Amino acid sequence: VQLASLQNLPLVPDDAKQVISSLMQQGEADLDMAAPEAAGYEFQSHGVIEMLEKLLDKFIAERTDLEKKEMNANRAYELTMQDLTAQITQAKQDIGEKTEAKA
């Protein structure tokens, strides 16, 4: 498009206009041919991605295991507290009965 505008300028010499004309014809011929296949970037980080995915799976499994252990520890604590509370209540009741029996 810019070359065509140069051909119409009166200050451009005739032999330069002929060169411009031949360049424009070559450009049209080049457009008719298919463009060569561009060398694309080849992704090379598959190994790193696989390693990170394996680490993610490992971390998820470890987190799940730790969450189970924590839930079991909380349940064991609750059962221990319930048992100790029951023992304290029973001991107070036994003390009260023995005190009444002595009186």
Side-chain angles (χ1 to χ4, degrees):
V1 176
Q2 292 177 352
L3 288 177
S5 65
L6 285 176
Q7 279 186 317
N8 298 329
L9 291 175
L11 298 175
V12 177
D14 289 335
D15 51 331
K17 288 181 182 181
Q18 288 176 355
V19 172
I20 292 172
S21 175
S22 67
L23 284 174
M24 288 178 52
Q25 288 174 356
Q26 281 182 344
E28 291 174 4
D30 290 343
L31 289 177
D32 293 340
M33 295 188 314
E37 195 69 31
Y41 172 75
E42 193 171 320
F43 189 67
Q44 299 177 358
S45 299
H46 296 291
V48 173
I49 291 175
E50 287 177 17
M51 179 189 67
L52 290 174
E53 288 174 346
K54 287 179 184 177
L55 280 174
L56 177 65
D57 293 341
K58 180 180 175 184
F59 290 152
I60 289 173
E62 287 180 10
R63 183 185 66 192
T64 304
D65 186 44
L66 289 173
E67 286 174 348
K68 286 180 184 178
K69 286 180 181 178
E70 183 180 12
M71 285 177 24
N72 288 338
N74 282 339
R75 183 67 183 144
Y77 170 80
E78 293 295 328
L79 288 174
T80 302
M81 287 302 294
Q82 188 178 12
D83 183 47
L84 290 174
T85 303
Q87 286 179 12
I88 289 171
T89 304
Q90 185 64 39
K92 286 181 181 178
Q93 186 178 5
D94 290 346
I95 290 172
E97 289 175 2
K98 286 183 182 179
T99 305
E100 286 181 18
K102 285 184 179 180

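Computed from a predicted model, the values in this text were never measured in an experiment.
In this structure, the separation between CG on Leu79 and CG on Asp83 is 8.5 Å, given to the nearest 0.5 Å. Atom CG of Leu55 and atom CD1 of Ile60 lie 11.0 Å apart (nearest 0.5 Å). Going from atom CD of Glu100 over to atom NZ of Lys98 covers 13.5 Å, rounded to the nearest 0.5 Å. For the atom pair CE of Met51 and CG of Leu56, the computed distance is 12.0 Å after rounding to the nearest 0.5 Å.
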Asp14 and Gln18: CA distance, side-chain angles, deciding distance, side-chain contact (heavy atoms from CB on, under 4.5 Å) verdict
CA-CA 6 Å; Asp14 289 335; Gln18 288 176 355; 5.5 Å; no
Run the side-chain hydrogen bond (donor to acceptor under 3.5 Å, both in side chains) check on Asn74 and Glu78 step by step: do they pass?
CA-CA 6 Å; Asn74 282 339; Glu78 293 295 328; over 6 Å; no
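Of the candidates Lys69, Glu62, Arg63, Glu67, Lys69 is the only one forming a side chain to side chain contact (heavy atoms under 4.5 Å, CB included) with Asp65.
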